Structure formats: C-alpha cells, structure tokens
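Keep in mind that this is a model prediction, so the values were computed, not measured.
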Amino acid sequence: MTGDGVRPYPEGGDTYGYIKFKTHKTDKIEIPYGEAFGGTNLDGPPCTLNGFTGARNGEIIPEWELCARIKPNKGAELHKVVNGKDIVVAIFDGEHFIEVKGK
C-alpha cells in the first residue's frame, strides 16, 4: 500500500504496464527480498518480498528492481496488459519511446 492506504493495484484492477529490455548492467539489478529472506525491501503490493510478484492469475512472475537508473537500449518495448491481452504501445528509439500506431 502507498502511504495514504491506497493499493496501487486494486482487487478489481485489470491493467498493468512494463518495459521489456536487455542489459549487460546486471550489477544494477536486484531481487526485492524482504527481511524473511535476508533483504531490506519494504515495498507494498504487488511486491511480495520473496522475489516474485503477487500475481492473481496463478502465474509465477519473477520480480527485479533497478537499484540505479539505467537508460534502456534502442528497441526496448513499453507494454500495456489489459485483461490479459499484452500490447506493445511504444518502442524506444535511443532517446524517446515512440508510440506504436494502431494499438
């Protein structure tokens, strides 16, 4: 939950987004473990503090977090998932995400 008690992903929520990209900067990526797993992460839902998101559809989804800002590589994809339908909405051109028309 956020500081104001609002869940960022409400029970009735049907939409989320993610950025898909490759990187060699693996030293900037961490698994968000909570205290029970030897970590210090305190994030709320959908983070479960065990390295996997709290998916409601039975899927097992690994979770990572960037511990520093990194610029995505050219060709990175911005995705929007609505009711399980995954749509690429923009592609990174090296400077900006450019909207994919017709989506």
Side-chain angles (χ1 to χ4, degrees):
M1 286 193 199
T2 62
D4 61 4
V6 176
R7 272 182 78 107
Y9 299 92
E11 287 299 328
D14 64 356
T15 304
Y16 65 92
Y18 67 94
I19 300 173
K20 182 178 180 180
F21 66 98
K22 295 180 180 181
T23 184
H24 293 289
K25 298 179 181 180
T26 56
D27 61 320
K28 307 276 191 237
I29 300 172
E30 296 179 352
I31 297 173
Y33 289 124
E35 187 177 350
F37 293 94
T40 58
N41 190 291
L42 300 172
D43 290 347
C47 182
T48 60
L49 307 177
N50 67 8
F52 299 93
T53 62
R56 295 187 186 109
N57 59 2
E59 291 187 38
I60 298 173
I61 303 169
E63 182 175 27
W64 298 277
E65 67 181 355
L66 295 171
C67 57
R69 289 183 179 243
I70 64 171
K71 183 176 178 180
N73 295 333
K74 186 175 181 178
E77 301 173 345
L78 178 60
H79 289 246
K80 180 178 181 181
V81 181
V82 180
N83 288 324
K85 183 178 179 187
D86 191 328
I87 304 163
V88 177
V89 295
I91 307 271
F92 193 65
D93 71 358
E95 292 296 322
H96 304 95
F97 277 96
I98 306 298
E99 182 180 0
V100 174
K101 300 294 182 186
K103 299 291 177 188

Quiz item: What do the steps show when you test T15 against V81 for side-chain contact (heavy atoms from CB on, under 4.5 Å), and what is the final call?
Solution: CA-CA 5 Å; T15 304; V81 181; over 6 Å; no
Quiz item: Checking side-chain contact (heavy atoms from CB on, under 4.5 Å) for the pair F97/I19: CA distance, chi angles, key distance, verdict?
Solution: CA-CA 10 Å; F97 277 96; I19 300 173; 4.0 Å; yes
Quiz item: Can you name the residues that form a side-chain contact (heavy atoms from CB on, under 4.5 Å) with E65, not counting sequence neighbours?
Solution: E30, P32, N41, D43
Quiz item: Who passes side-chain contact (heavy atoms from CB on, under 4.5 Å) against I70, sequence neighbours left out?
Solution: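 Result, side-chain contact (heavy atoms from CB on, under 4.5 Å) vs I70: F21, T23, K25, K28, L66.
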Quiz prompt | Reported CG-to-SG distance for the pair L42 and C47, which is rounded to 0.5 angstrom | solution = 9.5 Å
Quiz item: In Å, rounded to the nearest 0.5 Å, how long is the span from CD of E35 to CG of L49?
Solution: 10.0 Å
Self-check item: Audit row: W64, I31, side-chain contact (heavy atoms from CB on, under 4.5 Å) steps and yes/no
Solution: CA-CA 5 Å; W64 298 277; I31 297 173; 3.9 Å; yes
Practice problem: Could you name each residue pair satisfying side chain to side chain donor-acceptor pair (under 3.5 Å) that touches residues 87-97, not counting sequence neighbours? | Solution: K71-E95
Quiz prompt | Pair V89-L78, side-chain contact (heavy atoms from CB on, under 4.5 Å): steps then yes or no | solution = CA-CA 6 Å; V89 295; L78 178 60; 3.8 Å; yes
Quiz item: Residues two or more places apart in sequence or in another chain: which of them pass side chain to side chain donor-acceptor pair (under 3.5 Å) with T48?
Solution: N50
Quiz item: In chain order, what residues pass the ring-ring contact (aromatic ring centres under 6.0 Å, His included) check against Y18, with sequence neighbours excluded?
Solution: H79
